[in-house]
Amino acid sequence: PEHLATAALIFTRYIKLLLFPWPLTTDYYPPMVPIVGWGDPRAIGGALLVLIACAFGLAGVCKRSMVGFGLLWFLITYSVVSNVFINLGTPMNDRFLFMPSAGFALVLAALFVLALDRVRSSLTVGIARSLIALVLVGSAAQTFSRNRDWRDDLTLFAHDVSVSDRSARCHVMYAKLLVEAAARSPDTSQKEHQLNTARHHLERGLALYPDYALAHGLLGKLAMDRKDHHAATGHFIACLERDRTEEVALKNLAFIGRRMGEAKDFVGAERAFRAVIHFSPKATEPYLFLADALMRTGRADSSIVLLDHV
């Protein structure tokens, strides 16, 4: 099955991150991680790595070696987050390596000690220890650097969206945080910049995944706030077509329908209220507003038929 082949591919990605943890991101949703079959050599390579690790781990435990213990620790704790036995709802995440990384570090340390035991040259030992020290310093620096990204959600996604540029979710979540930040900002120029940036990332998210309901909903809200009611209507309708449970989009659609009616834009109001009725046919108020729009555009007969229906 594809999910097993993809899990095997992801295993190789995790090994790469353990050996060279850069770049880091919170978002690995498709297409950041491609869905592959067993025809992909990367999936076959990942499966072979798992089998080799299992074989060496079992053999090592039988000999009571630290390498074997570390391998089994890594494989057992990794199996819980591998999406092979339990669907976690996300294919890959850096935090999933928290427990497995302890086993991986133990394996590397044990291998390093074994290698030093076999080296007779003090110069070689000194060089090896210096290289390990450099690796540790570099890893510590990367840890401190990444900690700055976790200051808050907005800072985190501002960084990760550049890494996960092909993730629609990352673009849309960053845009959502920007919209929320703009609502709190007293600085008009900053607010405008944040909203423009949010609009750019929402459009990028839709380019990657056109059926993203939240992206349409947020674009509708941005259009509504700048009083572009026709654009807002289109986005709210698109949002509800993809997710009929989006109550906020439904309420906003009814709101801009009333605003267009007040502005005597009865064509726009009719479109909005017909959409509201389509997605929420049991509500009474939209029928009344639609009947009023029909009446004001010279279609009294249609208005009366609609009111009779109510």
Side-chain angles (χ1 to χ4, degrees), residues 1-115 118 131-132 135 138-139 142 146 160-171 207-209 211-212:
E2 284 186 343
H3 87 277
L4 291 178
T6 302
L9 166 64
I10 290 171
F11 183 79
T12 64
R13 297 281 185 94
Y14 277 131
I15 297 298
K16 178 263 176 187
L17 283 176
L18 286 166
L19 293 171
F20 188 69
W22 186 89
L24 297 175
T25 179
T26 56
D27 196 302
Y28 291 96
Y29 280 79
M32 284 297 295
V33 175
I35 299 171
V36 300
W38 288 114
D40 193 307
R42 295 171 297 177
I44 297 172
L48 289 175
L49 278 177
V50 173
L51 293 175
I52 292 169
C54 287
F56 275 95
L58 291 172
V61 166
C62 292
K63 296 177 182 179
R64 297 189 177 184
S65 91
M66 292 301 293
V67 173
F69 176 77
L71 281 171
L72 285 187
W73 175 281
F74 172 75
L75 291 169
I76 291 169
T77 54
Y78 175 74
S79 68
V80 180
V81 295
S82 65
N83 279 299
V84 172
F85 304 106
I86 303 170
N87 186 349
L88 301 177
T90 179
M92 180 179 176
N93 210 299
D94 295 343
R95 68 179 185 273
F96 292 168
L97 289 179
F98 182 72
M99 290 295 287
S101 63
F104 191 83
L106 182 59
V107 171
L108 293 183
L111 289 174
F112 181 67
V113 171
L114 288 173
R118 297 185 178 185
L131 289 174
I132 290 297
V135 169
S139 298
Q142 170 68 345
R146 182 59 173 163
D160 289 0
V161 77
S162 63
V163 179
S164 301
D165 181 58
R166 291 179 295 144
S167 168
R169 178 184 178 276
C170 199
H171 282 282
L208 291 164
Y209 181 48
D211 288 331
Y212 210 135

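Basis for what follows: all heavy atoms, side chains included, without hydrogens, waters or symmetry-related copies. Numbers here simply count residues along the sequence, with the first being 1.
- Atom CZ in Arg146 sits 6.0 Å away from atom OG1 in Thr25 (nearest 0.5 Å).
- Looking at Trp38, its side chain never comes within 3.5 Å of a backbone N or O of Leu4 through a donor-acceptor pair.
- A distance-only check finds no donor-acceptor pair linking the side chain of Asp94 to the backbone of Thr26 [under 3.5 Å].
- In terms of modelled atom types and a separation under 3.5 Å, the side chain of Lys63 and the main chain of Leu58 share no donor-acceptor contact.
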List the steps, then state whether side chain to side chain contact (heavy atoms under 4.5 Å, CB included) holds for Val81 with Leu97. CA-CA 8 Å; Val81 295; Leu97 289 179; over 6 Å; no

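- Using a 4.0 Å cut-off between charged nitrogen and carboxylate oxygen, Asp160 and Arg169 do not count as a salt-bridge pair.
- Across all their heavy atoms, Gly68 and Ser65 have their closest contact at N-OG, 3.0 Å.
- Within the 4.5 Å cutoff, the side chain of Ile10 has heavy atoms near those of the Pro91 side chain.
- The nearest pair of heavy atoms linking Phe56 to Leu71 is CB-CD1, 3.7 Å.
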Might you work through the side chain to side chain contact (heavy atoms under 4.5 Å, CB included) test for Leu18 and Leu108, ending with a clear yes or no? CA-CA 11 Å; Leu18 286 166; Leu108 293 183; over 6 Å; no

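- Between Leu208 atom CG and Asp165 atom CG the span is 7.0 Å, to the nearest 0.5 Å.
- When atom types are taken as modelled, the side chain of Asn83 and the backbone of Leu88 share a donor-acceptor pair closer than 3.5 angstrom.
- Residue pairs meeting the ring-ring contact (aromatic ring centres under 6.0 Å, His included) criterion with at least one member in residues 76-103, sequence neighbours excluded, are Phe11-Tyr78, Tyr14-Tyr78, Phe74-Tyr78.
- Taking a 6.0 Å sphere around CD1 of Ile35, one finds it holds 12 or fewer heavy atoms contributed by other residues, nucleotides or ligands.
- To the nearest 0.5 Å, atoms CG (Asn93) and OH (Tyr28) are separated by 7.5 Å.
- Put simply, the side chain of Met32 does not reach to within 4.5 Å of the side chain of Cys170, judged on heavy atoms.
- At a threshold of 4.5 Å between non-hydrogen side-chain atoms, the residues Gln142 and Leu24 count as touching.
- The shortest heavy-atom contact between Ala43 and Gly37 is CB-O, 3.9 Å.
- Val36 and Ala5 make their closest contact through O-CB, 3.4 Å (heavy atoms, listed as atom of the first residue, atom of the second, distance).
- In terms of heavy atoms, Val84 sits closest to Ala7 at CG2-CB, 3.8 Å.
- Formation of a donor-acceptor pair under 3.5 Å by the Ser164 side chain with backbone atoms of Asp27 is found in this model.
- The CG atom of Leu106 lies 9.5 Å from the CG atom of Leu111; values are rounded to the nearest 0.5 Å.
- Between the side chain of Ser82 and the backbone N or O of Ser79, at least one donor-acceptor pair lies under 3.5 Å.
- Partners of Leu19 by side-chain contact (heavy atoms from CB on, under 4.5 Å), not counting sequence neighbours, listed by chain and number: Ile15, Phe104.
- The two atoms that bring Gly89 and Asn87 nearest to each other are N-OD1, 3.0 Å, heavy atoms only.
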